J.: 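First, the structure itself, so that you have it in front of you.
As the structure is a prediction and not an experimental result, all values here were calculated from the model.
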Amino acid sequence: MKILHELSWLWETLGIALVAAAVCMACTALIGKAAKKKLSKKLLAVIGAAAFVGAILAVILIARTPMPL
């Protein structure tokens with residue numbers, strides 16, 4: 001049980017990254033729909049993967065920043 005508690009930050013980070021990737025993919029699809037362009041599934045997958053990696057990096061950078069007292 002102790003190991004699950006120690007890895008809880010990992011699950012939170014993955015959850016945040018997945019939500020951010022889903023939001024980016026939804027925004028991309030809406031922008032493509034507004035521009036009346038058909039986006040391929042491959043392009044949406046690449047955008048989702050890039051958003052996922054970017055969100056993980058952002059969470060890591062934010063976590064490393066010390067909080068002001």
Side-chain angles (χ1 to χ4, degrees):
M1 189 68 177
K2 186 177 180 181
I3 194 160
L4 289 176
H5 180 67
E6 290 178 4
L7 291 177
S8 66
W9 63 269
L10 176 65
W11 300 115
E12 290 175 18
T13 302
L14 288 176
I16 292 168
L18 284 173
V19 169
V23 168
C24 287
M25 288 179 62
C27 289
T28 302
L30 288 174
I31 291 170
K33 189 175 181 179
K36 295 183 178 152
K37 293 191 177 192
K38 180 143 172 73
L39 300 175
S40 68
K41 290 182 182 179
K42 187 176 181 180
L43 177 65
L44 287 175
V46 169
I47 290 170
F52 183 75
V53 171
I56 288 177
L57 291 174
V59 168
I60 290 170
L61 287 174
I62 291 170
R64 291 183 62 191
T65 306
M67 293 189 61
L69 296 175

J.: Who clusters with Ile16? Use side-chain heavy atoms, under 4.5 angstrom, across I, L, V, M, F, W and Y, and order the result by chain and number.
T.: Val59
J.: Let me have the donor-acceptor pairs involving side chains of residues 28-45, under 3.5 Å, with sequence neighbours excluded, atom names and distances please.
T.:
{"unit_1": "Thr28", "atom_1": "OG1", "unit_2": "Cys24", "atom_2": "O", "d": "2.8"}
{"unit_1": "Ser40", "atom_1": "OG", "unit_2": "Leu43", "atom_2": "N", "d": "3.2"}

J.: Are Ile62 and Val19 connected into the same hydrophobic cluster when the rule is that any two of I, L, V, M, F, W, Y join if their side-chain heavy atoms are below 4.5 Å apart?
T.: no
J.: Verify the cluster assignment for Ile56 and Leu10: are they in a single hydrophobic cluster under the rule of side-chain heavy atoms below 4.5 Å apart?
T.: yes
J.: Work out which heavy atom in Ala21 is nearest to a heavy atom in Phe52; give both atom names and the distance.
T.: CB-N, 3.9 Å
